Peer 1: 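I have a structure here, written as structure tokens, and I will follow up with some questions on it.
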Protein chains: 2
Amino acid sequence: MNLSTEDIKVHLLKHNIKPSYHRVAILRCLLSNKDHPSVDKIYNELVKEMPTLSKTTVYNTLSLFCGVNIVRVITIEENETRYDGDVSDHGHFKCEKCKTIYDFQIKSLDFEIDDLSGFKINEKNVYYKGICPKCLNNK
Amino acid sequence: MNLSTEDIKVHLLKHNIKPSYHRVAILRCLLSNKDHPSVDKIYNELVKEMPTLSKTTVYNTLSLFCGVNIVRVITIEENETRYDGDVSDHGHFKCEKCKTIYDFQIKSLDFEIDDLSGFKINEKNVYYKGICPKCLNNK
DNA sequence: AATAAATTTGTAATGATTACAATTTTATAA
DNA sequence: TTATAAAATTGTAATCATTACAAATTTATT
């Protein structure tokens with residue numbers, strides 16, 4: 001995605017978040033990288049340009065973003081939380097070898113039977129695990 | 001479910017796992033409780049009957065079971081892994097209030113478009129989050 | 001009964017996340 | 001502009017689930 005700083009600021013302001021330098025950088029990182037980065041990945045990428053960055057800020061900012069639904073948490077493996085700047089409904093495929101997370105489209109997310117009548121559904125998640133084509137070839 | 005010790009032993013042996021006392025107890029716990037317990041829950045339930053039980057054993061045993069696919073990991077929240085003795089394809093709904101995990105049936109798990117041709121899919125997971133009917137009423 | 005193999009245990013290490021107080025930056029009011 | 005308050009960021013320490021690992025126990029084999 002080719003997002004200007006201005007676009008990102010507007011996006012944040014729409015959700016009543018003051019677009020500080022750090023916040024813009026973190027959101028840009030999530031919107032431009034489609035690789036569903038971990039906190040560590042984001043931190044390491046940004047700390048190059050902003051040496052004073054603290055990992056706590058990355059954590060704080062991401063949970064701020066999640067709270068207003070401009071970012072989503074991807075919980076696939078227990079030990080590593082990943083984040084997604086794309087909040088539209090879609091599935092994730094995580095390669096068990098290279099740990100890459102791929103997106104995939106889902107025909108329809110209305111596939112449950114009536115088991116859940118009476119439940120208030122806030123969030124739907126679909127993820128697969130397996131081996132990606134790249135790793136299937138490289139063995 | 002009304003499973004005899006004998007049934008459980010046979011089930012384990014089918015997967016080349018020696019049915020030790022602890023293993024049988026842990027598997028029984030998962031098969032009879034439909035509440036998708038955490039390690040802690042399993043440990044606390046079993047330690048009453050077997051006071052020497054170690055939490056490490058619960059961890060070891062569960063990963064042994066997962067390795068041969070008689071138990072599945074449910075990763076919904078980052079901070080608490082839950083386990084499921086039902087390995088058939090179905091979805092999970094986790095109540096954000098009471099933390100209960102409910103099962104629900106899925107019409108079909110073949111809902112991805114062809115995005116994943118060339119991928120080797122080992123595992124499909126669907127989970128929702130929200131508020132269960134019980135908690136919706138109790139506010 | 002002696003030995004080897006498998007299982008279980010308990011403690012310590014790991015590592016991601018959170019709590020929190022201190023510091024810095026930004027906004028507001030005099 | 002300067003002083004003051006509010007918000008954002010930082011850094012360190014605490015938390016807590018999970019794992020590593022070596023010792024102890026149990027089970028199987030000779």
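Not measured: the values here are computed from a predicted model. Order of the sequence lines sets the chain letters (A, B, ...), proteins ahead of strands, with each chain counted from 1.
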Peer 1: So B:Cys29 and B:Glu45, do their side chains get closer than 4.5 Å, heavy atoms only?
Peer 2: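 In short, these two side chains touch, coming nearer than 4.5 Å.
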Peer 1: N/O contacts under 3.5 Å, protein versus nucleotides 5-7 of chain D?
Peer 2:
none

Peer 1: Are side-chain heavy atoms of A:Leu62 and A:Ile42 found at a separation under 4.5 Å?
Peer 2: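 They are in side-chain contact.
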Peer 1: Examine distances only and state if a side-chain atom of B:Ser32 and a backbone atom of B:Arg28 form a donor-acceptor pair shorter than 3.5 Å.
Peer 2: yes
Peer 1: Measure the acute angle between the ring planes of A:Tyr128 and A:Phe104, then classify it against the limits of 30° and 60° as parallel, tilted or perpendicular.
Peer 2: tilted
Peer 1: What is the distance from CE of A:Met50 to P of D:dT10, rounded to the nearest Å?
Peer 2: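 One finds 7 Å between P of D:dT10 and CE of A:Met50, rounded.
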Peer 1: Establish, from distance only, whether the side-chain atoms of A:Asp103 and A:His36 form a donor-acceptor pair under 3.5 Å.
Peer 2: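 A:Asp103 vs A:His36: donor-acceptor pair found between side chains.
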Peer 1: Take the protein atom CD1 of A:Ile42 and the nucleotide atom P of C:dT17, then report the distance between them rounded to whole Å.
Peer 2: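 Atom CD1 in A:Ile42 sits about 11 Å away from atom P in C:dT17.
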Peer 1: With a cut-off of less than 4.0 Å, is there a side-chain N or O of A:Ser20 near OP1 or OP2 of C:dT25?
Peer 2: no
Peer 1: Any side-chain to backbone donor/acceptor pair from B:Arg23 onto B:Lys18? Under 3.5 Å, distance only.
Peer 2: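 Flag set: sc B:Arg23 to bb B:Lys18 pair under 3.5 Å.
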Peer 1: Output the rounded distance in Å from OH (B:Tyr43) to P (D:dT18).
Peer 2: 15 Å
Peer 1: Say whether, by atom type as modelled, one donor and one acceptor occur between the side chain of A:Thr61 and the main chain of A:Val58 under 3.5 angstrom.
Peer 2: no
Peer 1: I'd like to know if the side chain of B:Arg82 reaches the main chain of B:Asp35, judged simply by a donor and an acceptor atom lying under 3.5 Å from each other, with no hydrogens or angles considered.
Peer 2: yes
Peer 1: Could you state the CG-P distance from A:Asn79 to D:dT19, rounded to the nearest angstrom?
Peer 2: 8 Å
Peer 1: Residues from residues 53-64 of chain B sitting under 4.0 Å of DNA chain D, heavy atoms only?
Peer 2: B:Thr56, B:Tyr59
Peer 1: Rounded to the nearest Å, what distance is computed from the CG atom of residue B:Leu46 to the P atom of nucleotide C:dT8?
Peer 2: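 B:Leu46 atom CG is separated from C:dT8 atom P by 12 Å.
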Peer 1: Among A:Arg72, A:Lys34, A:His90, which residue satisfies the side chain to side chain donor-acceptor pair (under 3.5 Å) criterion with A:Asp84?
Peer 2: A:His90
Peer 1: Is the phosphate of D:dT10 approached by A:His22 (side-chain N or O, under 4.0 Å from OP1 or OP2)?
Peer 2: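 Looking at the OP1 and OP2 atoms of D:dT10, one of them is under 4.0 Å from a side-chain N or O of A:His22.
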Peer 1: Under 4.0 Å between a side-chain N/O of A:Thr81 and OP1 or OP2 of C:dT17, yes or no?
Peer 2: yes
Peer 1: Write down the distance between NZ (B:Lys99) and P (D:dA17), rounded to a whole number of angstrom.
Peer 2: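 Interatomic distance, NZ of B:Lys99 to P of D:dA17: 14 Å.
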Peer 1: Round to a whole Å and report the spacing from CD1 of B:Ile17 to P of D:dT27.
Peer 2: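 From B:Ile17 CD1 to D:dT27 P: 18 Å.
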Peer 1: Looking across every strand, which nucleic acid part, if any, lies under 4.0 Å from A:Ser38 by heavy atom: base, sugar-phosphate, or nothing?
Peer 2: nothing
Peer 1: Could you state the NZ-P distance from A:Lys41 to C:dA16, rounded to the nearest angstrom?
Peer 2: 15 Å
